[in-house]
Amino acid sequence: MISGEKQLLLDRRYLRMARIWAENSYCERRRVGALLVKDKMIISDGYNGTPAGFDNVCEDPSGTTYPYVLHAEANAITKVAQSNNSSLGSTLYVTTSPCMECSKLIIQAGIRRVVFSELYRITDGIDLLRKAGVEVDHITIEE
């Protein structure tokens, strides 16, 4: 068991790493990064972007995000599904709080904890996670 102070230190480190990972995104409106961690090992990662084989353009000329753009959480979860790892009991670190659709995936993937640094304006995803018994922590990180 990790002490509260040490856990907070690790949480902040993983959130900073997720923020750096978000830099891989080609999305202009918002870049989001996610890391899946289990037993202090990163087992998957993701950032928001287009599906494999699509052009790396997330928004139309008016700035509206294309409906087929995948969120960072969905990319991390589908990536771990293609590996020999299991997300059961893991922690998801994500730069922005999960939406409703990603929260459903998080629950089904058996992720036990979600840690995020930026609160998105719509919080129904967080509400769903808490209702499902997933631990949710909002931790701000220094710039």
Side-chain angles (χ1 to χ4, degrees), residues 1-60 64-143:
M1 185 84 179
I2 299 174
S3 72
E5 192 174 311
K6 177 145 183 172
Q7 185 62 60
L8 183 60
L9 184 68
L10 285 172
D11 289 343
R12 285 193 171 125
R13 282 182 184 151
Y14 284 127
L15 283 172
R16 286 193 307 269
M17 292 169 70
R19 186 172 59 193
I20 291 168
W21 201 244
E23 294 173 12
N24 289 316
S25 174
Y26 287 88
C27 296
E28 297 296 326
R29 288 183 62 208
R30 178 183 298 267
R31 290 182 170 90
V32 180
L35 296 176
L36 255 178
V37 176
K38 188 172 180 179
D39 301 324
K40 295 192 221 173
M41 292 184 299
I42 297 170
I43 61 169
S44 189
D45 54 58
Y47 51 88
N48 57 326
T50 57
F54 282 65
D55 288 336
N56 287 323
V57 177
C58 298
E59 297 90 3
D60 66 21
T64 302
T65 301
Y66 288 118
Y68 53 80
V69 169
L70 292 158
H71 290 187
E73 306 95 315
N75 272 324
I77 291 167
T78 55
K79 188 174 180 180
V80 78
Q82 295 176 6
S83 74
N84 290 327
N85 287 314
S86 168
S87 56
L88 190 63
S90 64
T91 297
L92 178 70
Y93 292 91
V94 61
T95 55
T96 304
S97 58
C99 70
M100 177 63 82
E101 293 303 310
C102 288
S103 292
K104 291 188 278 187
L105 292 174
I106 290 164
I107 293 164
Q108 290 302 97
I111 296 167
R112 69 165 181 79
R113 183 169 179 245
V114 174
V115 181
F116 67 93
S117 57
E118 297 170 26
L119 183 64
Y120 189 63
R121 61 183 169 81
I122 302 169
T123 61
D124 57 355
I126 295 171
D127 298 338
L128 181 70
L129 289 171
R130 288 189 173 129
K131 185 176 182 178
V134 176
E135 183 183 342
V136 179
D137 291 312
H138 179 194
I139 299 173
T140 56
I141 52 174
E142 62 282 349
E143 293 299 318

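Note on residues 39-53: pairs passing salt bridge (charged side-chain N to carboxylate O under 4.0 Å, His left out), not counting sequence neighbours, are D45-K79. Among residues at least two apart or in separate chains, ring pair (Phe, Tyr, Trp, His ring centres under 6.0 Å) pairs with a member in residues 82-116 are Y14-Y93, F116-H138.
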For residues 65-77, please give each side-chain donor-acceptor pair under 3.5 Å, one per line with the distance, not counting sequence neighbours.
from : atom 1 : to  : atom 2 : distance (Å)
T65  : OG1    : R29 : NH1    : 3.1
N75  : ND2    : Y47 : O      : 2.7

Enumerate, atom names and distances included, each donor-acceptor pair closer than 3.5 Å involving a side-chain atom of residues 50-58, sequence neighbours excluded.
from : atom 1 : to  : atom 2 : distance (Å)
T50  : OG1    : D55 : O      : 3.1

Donor-acceptor pairs under 3.5 Å, side chain of residues 98-108 to any protein atom, not counting sequence neighbours: which ones?
from : atom 1 : to   : atom 2 : distance (Å)
E101 : OE1    : K104 : NZ     : 3.4
E101 : OE2    : K104 : NZ     : 3.0
S103 : OG     : C99  : O      : 2.8
S103 : OG     : G125 : O      : 3.0

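Separating the OG1 atom in T95 from the CG atom in L35 is a distance of 9.5 Å, to the nearest 0.5 Å. Atom CD1 in I20 sits 11.5 Å away from atom CG in L15 (nearest 0.5 Å). For the atom pair L8 CG and R13 CZ, the distance stands at 11.0 Å (nearest 0.5 Å). Atom CG of N84 sits about 11.5 Å away from atom CD1 of I43, to the nearest 0.5 Å.
Looking at E28, its side chain never comes within 3.5 Å of a backbone N or O of E59 through a donor-acceptor pair. For S87 (side chain) and A109 (main-chain N/O), a donor-acceptor pair under 3.5 Å exists by modelled atom type. With T96 contributing its side chain and Y120 its backbone, the two residues share no donor-acceptor pair below 3.5 Å.
Under the salt bridge (Lys or Arg N to Asp or Glu O under 4.0 Å) criterion, R30 pairs with E118, sequence neighbours left out. With sequence neighbours excluded, no residue satisfies side chain to side chain donor-acceptor pair (under 3.5 Å) with S83. Residues forming a side chain to side chain donor-acceptor pair (under 3.5 Å) with R130 (at least two apart in sequence, or on another chain): none. Residues forming a salt bridge (Lys or Arg N to Asp or Glu O under 4.0 Å) with R113 (at least two apart in sequence, or on another chain): D11, E135, D137. Not counting sequence neighbours, T91 has no partner by the side chain to side chain donor-acceptor pair (under 3.5 Å) test.
N85 is not listed as a side-chain neighbour of M41, based on a closest heavy-atom distance of 4.5 Å or more.
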Give the C-alpha distance, both sets of side-chain angles, the deciding distance and a yes or no for side-chain contact (heavy atoms from CB on, under 4.5 Å) between I111 and L129.
CA-CA 10 Å; I111 296 167; L129 289 171; over 6 Å; no
